Amino acid sequence: MTVVGPFGLNVRDKALEADVQAGLAAVEEGLLEATKSEVPFITEAAQHLVKAGGKRFRPLLVMLAAQFGDPYAPGVVPAAVVVELTHLATLYHDDVMDEAAVRRGVASANTRWGNSVAVLTGDFLFARASQILADLGPEAVRVQAVAFERLVTGQILETAGPQDGRDPVEHYLDVLSGKTGSLVAVSCRFGAMMSGADETVVDVLTQYGERLGVAFQLADDVLDIASDSHESGKTPGTDLREGIATLPVLRLRERAARMGLAEDIALCELLDSDLSDDARHAEALAALRTHPALEQARRDTVRYAEEARAALAPLRDCTAKAALIDLCDAVVHRAG
């Protein structure tokens, strides 16, 4: 048994491992090439997060999905570069919106160069992704455009918050389907599409990616609270400090409204206070780490991962399918 990709994914087949490793290496070269500019400063800013590393979760999914057709088809690697460039661009923008100081263990672009440069660098990456996409054909452009609209819509919905009478948890899960699920689904879709897989296979893998993407983000939500050293390199409790209610917080508020326990209400009041204060922030983090709401969020993560696994049922048994199933387990493992 060998290991490849994020979270120590087990790959049981040497040929599959070789294909995936070669594909990811080619993606890495493609990312560096796509982020070069005639202006040295733009190259430096655009390659800032590329060189910081990352899980390359979305390119990995492109490579695995391509195993259901011709994994060596010419569009596979460029499609993986497109989804990773798109993801990186959103990170530049997210860090500005969240005022994040750290990303992937290095200073965020907005901390290093300011908000304007960070936003414009994200735009530059979107533009480069679009150039590559144009060579992949009109259907690929359409798929990416729909996903990008969903991604932006999810971000807007998160910023606007739930409408009156809307369940905040349902609203949040819809936000994640757009913000994260859409691009993870496209990663699977592009891999299958570009490899020439049957349309039914493309649809199955797209459904899998949507659910896995939500599980992936929910695991991040849990890690942001539970882990002292967030594996993405972000500062733990960043969303708490910014007043962004992720699933553990929403589950806490739901429980407080349902049961009316004094300790739950007190913790909600603490979360509503100014958590830019380090002492209050540390107190809130410590309280959430031992609260049942965090375990509920873990169970929600498991549920989405199991739905992703179930979506794969129609596919033929093969090593690539086994690896996709293992990814469901790996995502759950990240959440503890």
Side-chain angles (χ1 to χ4, degrees), residues 7 55 57 90-91 94 97-98 100 150-151 153-163 165-185 209-228 230-232 234-259 261 263-265 267-272 275 281 284-309 327-336:
F7 334 127
K55 294 176 286 290
F57 180 54
T90 67
L91 298 185
D94 283 351
M97 295 179 66
D98 298 341
R150 289 188 59 209
L151 191 158
T153 299
Q155 185 67 69
I156 292 171
L157 288 175
E158 180 181 57
T159 303
Q163 294 182 344
R166 180 82 196 279
D167 176 42
V169 171
E170 288 184 6
H171 171 83
Y172 183 67
L173 293 173
D174 281 349
V175 165
L176 295 193
S177 291
K179 276 187 61 179
T180 305
S182 61
L183 193 57
V184 176
E210 179 91 20
R211 288 159 177 78
L212 187 71
V214 175
F216 182 82
Q217 184 56 56
L218 292 179
D220 261 9
D221 287 357
V222 171
L223 277 171
D224 189 54
I225 301 297
S227 176
D228 288 327
H230 197 297
E231 72 175 58
S232 72
K234 289 173 62 180
T235 305
T238 297
D239 290 328
L240 274 187
R241 194 181 292 276
E242 297 303 319
I244 299 170
T246 57
L247 193 62
V249 172
L250 293 174
R251 287 302 189 192
L252 164 67
R253 297 191 193 284
E254 181 183 62
R255 174 186 162 102
R258 184 178 72 252
M259 301 178 66
L261 299 177
E263 57 266 33
D264 291 349
I265 294 170
L267 181 51
C268 287
E269 290 173 349
L270 174 62
L271 294 177
D272 289 335
L275 294 184
H281 181 259
L285 257 184
L288 275 173
R289 283 171 177 166
T290 59
H291 196 279
L294 186 62
E295 183 56 36
Q296 177 62 58
R298 284 193 177 99
R299 290 196 295 270
D300 292 324
T301 304
V302 171
R303 175 166 58 88
Y304 271 91
E306 287 301 318
E307 288 179 3
R309 181 202 301 269
L327 265 181
C328 299
D329 296 332
V331 166
V332 169
H333 178 72
R334 292 173 70 234

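The structure presented is a predicted model; accordingly, all values stated were derived computationally and were not measured. FYI, the numbering just counts along the sequence from 1.
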(request) Please step through side chain to side chain contact (heavy atoms under 4.5 Å, CB included) for the pair V214 and E307, ending with a clear verdict. (result) CA-CA 10 Å; V214 175; E307 288 179 3; over 6 Å; no
(request) For the pair E254 and R251, find out whether any cationic side-chain nitrogen is under 4.0 Å from an anionic carboxylate oxygen. (result) yes
(message) Could you measure the distance from the CG atom of L218 to the OH atom of Y172? Nearest 0.5 Å is fine.
(response) 6.5 Å
(request) Starting at CZ of R211, measure out to OG of S177 and round the result to the nearest 0.5 Å. (result) 9.0 Å
(message) How long is the straight-line distance from CG of D174 back to CG of D167, given to the nearest 0.5 Å?
(response) 10.0 Å
(request) Check for a donor-acceptor pair, side chain of H281 on one end and backbone N or O of G237 on the other, with a separation under 3.5 Å. (result) yes
(message) Can you give me the closest heavy-atom contact between L267 and A287, atom names plus distance?
(response) CD1-CB, 3.6 Å
(message) Between T90 and L151, does the side chain to side chain contact (heavy atoms under 4.5 Å, CB included) criterion hold? Intermediate values first, please.
(response) CA-CA 9 Å; T90 67; L151 191 158; 3.8 Å; yes
(request) Working to the nearest 0.5 Å, report the span between CD of Q155 and OG1 of T153. (result) 10.5 Å
(request) Tell me, please, which residues at least two apart from L261 pass side-chain contact (heavy atoms from CB on, under 4.5 Å). (result) R255, M259, E263, D264
(request) For residues G209 and V184, report the shortest heavy-atom separation together with the two atoms involved. (result) O-CG1, 3.2 Å
(request) Report yes if the side chains of L271 and L252 come closer than 4.5 Å at any heavy-atom pair, otherwise no. (result) yes
(message) Distance check, rounded to the nearest 0.5 Å: E210 atom CD versus Y304 atom OH?
(response) 9.0 Å
(request) Measure the shortest side-chain to side-chain distance between V222 and R334 over non-hydrogen atoms and say whether it is less than 4.5 angstrom. (result) no
(request) Taking all non-hydrogen atoms of both residues into account, name the closest pair between I225 and R289 and its distance. (result) O-NE, 2.5 Å
(message) If we ignore hydrogens and angles and just use 3.5 Å, is the side chain of H171 paired with the main-chain N or O of L157 as donor and acceptor?
(response) yes
(request) Return the minimal non-hydrogen interatomic distance between L250 and P168, and the atom names on each side. (result) CD1-O, 3.8 Å
(request) Applying side chain to side chain contact (heavy atoms under 4.5 Å, CB included), run through F216 and L327 and close with a yes or a no. (result) CA-CA 10 Å; F216 182 82; L327 265 181; over 6 Å; no
(request) List the atom of A293, the atom of P248, and the distance in Å for their closest heavy-atom pair. (result) CB-O, 3.4 Å
(request) Quick one: pull up CD in E269 and CG in D272 and give me the separation to the nearest 0.5 Å. (result) 7.5 Å
(request) Could you pull out the closest heavy-atom pair between L294 and L288, with the gap in Å? (result) CB-O, 3.6 Å
(request) Applying side-chain contact (heavy atoms from CB on, under 4.5 Å), name anything that partners Q217, two or more places apart in sequence or on another chain. (result) L176, T180, D220, D221
(request) Please report the C-alpha distance between E306 and V332 in whole Å, then the side-chain angles of each, then the deciding distance to 0.1 Å, and finally whether the side chain to side chain contact (heavy atoms under 4.5 Å, CB included) criterion is met. (result) CA-CA 9 Å; E306 287 301 318; V332 169; 5.7 Å; no
(message) Just to verify, what does T290 make a side-chain contact (heavy atoms from CB on, under 4.5 Å) with, not counting sequence neighbours?
(response) none
